[in-house]
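What follows is a single structure, written as structure tokens, with notes after it.
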Amino acid sequence: QVQLVESGGGLVQAGGSLRLSCAASGRGVSNYVLGWFRQAPGKEREFVIAKEWTTFRSVYSDSVEGRVTISRDIASNTVYLHMSSLNLEDTAVYSCAAGRRLSTVPRDYDYWGQGTQVTVSS
């Protein structure tokens, strides 16, 4: 069982940046792909970015290309989502997810955090 707890959301001005955290714990969590998804009101869940920590391969959505990175603190097993040049369309609930393979598809992820709200204001 893997537990994921996100933090760091809030209100951000357009053009600004943010860093979200995902504290990961549980057996074998270091072997999982960890990624981020988001869901805006009335929209389907959307993939943002994910990384395979054994090969360091990563994949990200075209909608955030050039504006997002993912990093990890091994000691604390915390994964971070860094986003810059935020715009109103980035407003969503951001969720951390853990899966067995690098994928952009939500159903390929076995564990999910509760999500953290990010609101971008003009």
Side-chain angles (χ1 to χ4, degrees):
Q1 192 77 6
V2 172
Q3 294 81 41
L4 305 169
V5 179
E6 302 96 334
S7 61
L11 182 64
V12 185
Q13 276 199 320
S17 59
L18 64 79
R19 187 186 77 167
L20 302 180
S21 302
C22 173
S25 61
R27 184 174 182 178
V29 67
S30 60
N31 297 320
Y32 280 81
V33 168
L34 294 174
W36 290 89
F37 289 78
R38 65 185 182 183
Q39 189 166 19
K43 294 187 177 181
E44 292 187 355
R45 182 173 282 169
E46 176 190 18
F47 171 76
V48 178
I49 189 170
K51 191 165 186 174
E52 189 173 50
W53 302 98
T54 53
T55 64
F56 299 103
R57 290 189 302 137
S58 62
V59 61
Y60 52 85
S61 168
D62 290 343
S63 66
V64 297
E65 183 177 5
R67 302 192 296 122
V68 62
T69 58
I70 186 171
S71 64
R72 179 180 179 183
D73 179 77
I74 296 175
S76 63
N77 234 351
T78 300
V79 174
Y80 300 99
L81 173 67
H82 309 261
M83 286 189 69
S84 60
S85 302
L86 290 165
N87 55 61
L88 299 181
E89 289 69 39
D90 293 319
T91 294
V93 174
Y94 284 72
S95 297
C96 178
R100 289 292 188 179
R101 65 188 186 98
L102 194 60
S103 172
T104 65
V105 179
R107 67 172 179 268
D108 288 333
Y109 290 81
D110 303 311
Y111 302 99
W112 294 82
Q114 81 288 351
T116 184
Q117 176 71 46
V118 172
T119 302
V120 182
S121 64
S122 58

Q: Report the distance from atom CG of D110 to atom CZ of R101, rounding to the nearest 0.5 Å.
A: 10.5 Å
Q: For residues Y109 and F37, establish whether the separation of their ring centroids is below 6.0 Å.
A: yes
Q) A24 and L4: which non-hydrogen atoms are nearest, and at how many Å? A) CB-CD2, 3.7 Å
(Q) Just so I know, are the side chains of C22 and V5 near enough to count as touching, which here means a heavy-atom distance under 4.5 Å? (A) no
Q | Side-chain heavy atoms of E6 within contact of S21, under 4.5 Å | A | no
Q | Residue pair N31 / R100, side-chain donor-acceptor N/O under 3.5 Å | A | no
Q) side chain to side chain donor-acceptor pair (under 3.5 Å) between Q39 and S95: does it pass, once the steps are laid out? A) CA-CA 8 Å; Q39 189 166 19; S95 297; over 6 Å; no
Q) Taking the side chain as C-beta and beyond, is there a heavy-atom pair between T116 and L20 under 4.5 Å? A) yes
Q: Determine the interplanar angle of the F56 and W53 rings, folded into 0 to 90°, and report it as parallel if under 30°, tilted if 30 to 60°, perpendicular if over 60°.
A: perpendicular
**Q.** Lys/Arg N to Asp/Glu carboxylate O, R38 vs D90, below 4.0 Å
**A.** yes
Q | Donor on one side chain, acceptor on other, S71 and H82, under 3.5 Å | A | yes
Q. Can you find a pair of side-chain heavy atoms, one from L81 and one from R19, that are under 4.5 Å apart?
A. no
Q. Looking at side-chain heavy atoms only, is the closest gap between Q117 and T91 below 4.5 Å?
A. yes
Q) OG/S7 to OH/Y80 distance, rounded to the nearest 0.5 angstrom? A) 8.5 Å
**Q.** Min side-chain heavy-atom separation L18-L86 under 4.5 Å
**A.** yes
Q. Just wondering, are more than 12 heavy atoms of other shown residues or ligands nearer than 6.0 Å to CD in Q114?
A. yes
Q) Do side-chain atoms of S85 reach the backbone of R67 as a donor and acceptor pair under 3.5 angstrom? A) no
Q: Please check if atom OH in Y32 has more than 12 non-hydrogen atoms from other residues, nucleotides or ligands closer than 6.0 Å.
A: yes
Q: Run the numbers on T78 and R72 for side-chain contact (heavy atoms from CB on, under 4.5 Å), then give the verdict.
A: CA-CA 6 Å; T78 300; R72 179 180 179 183; over 6 Å; no
(Q) For residues L34 and V2: do they belong to one hydrophobic cluster (side chain heavy atoms under 4.5 Å, members Ile, Leu, Val, Met, Phe, Trp, Tyr)? (A) yes
Q: Without swapping roles, check the side chain of E52 against the backbone of L102 for a donor-acceptor pair under 3.5 Å.
A: no
Q) Linking I/L/V/M/F/W/Y whenever their side-chain heavy atoms sit closer than 4.5 Å, directly or via other members, would W112 and V93 fall into one cluster? A) no
(Q) Looking at S61 and V48, would you say the former's side chain and the latter's main chain have a donor-acceptor pair under 3.5 Å? (A) no
(Q) Under a 3.5 Å cutoff, is there a donor and acceptor pairing between the side chains of S25 and Q3? (A) yes
Q.
Testing the basics here: between A50 and V33, what is the closest heavy-atom pair and its distance to 0.1 Å?
A. CB-CG1, 4.2 Å
Q) Would you call Y111 and Q1 a side-chain contact if the rule is heavy atoms closer than 4.5 Å? A) yes
Q. Can you check side-chain contact (heavy atoms from CB on, under 4.5 Å) on F47 and V59, steps first, answer last?
A. CA-CA 10 Å; F47 171 76; V59 61; 3.6 Å; yes
Q. Is any side-chain heavy atom of W36 less than 4.5 Å from a side-chain heavy atom of V79?
A. yes
Q | Where S17 and S84 come nearest, the two heavy atoms and their spacing | A | CB-CA, 3.9 Å
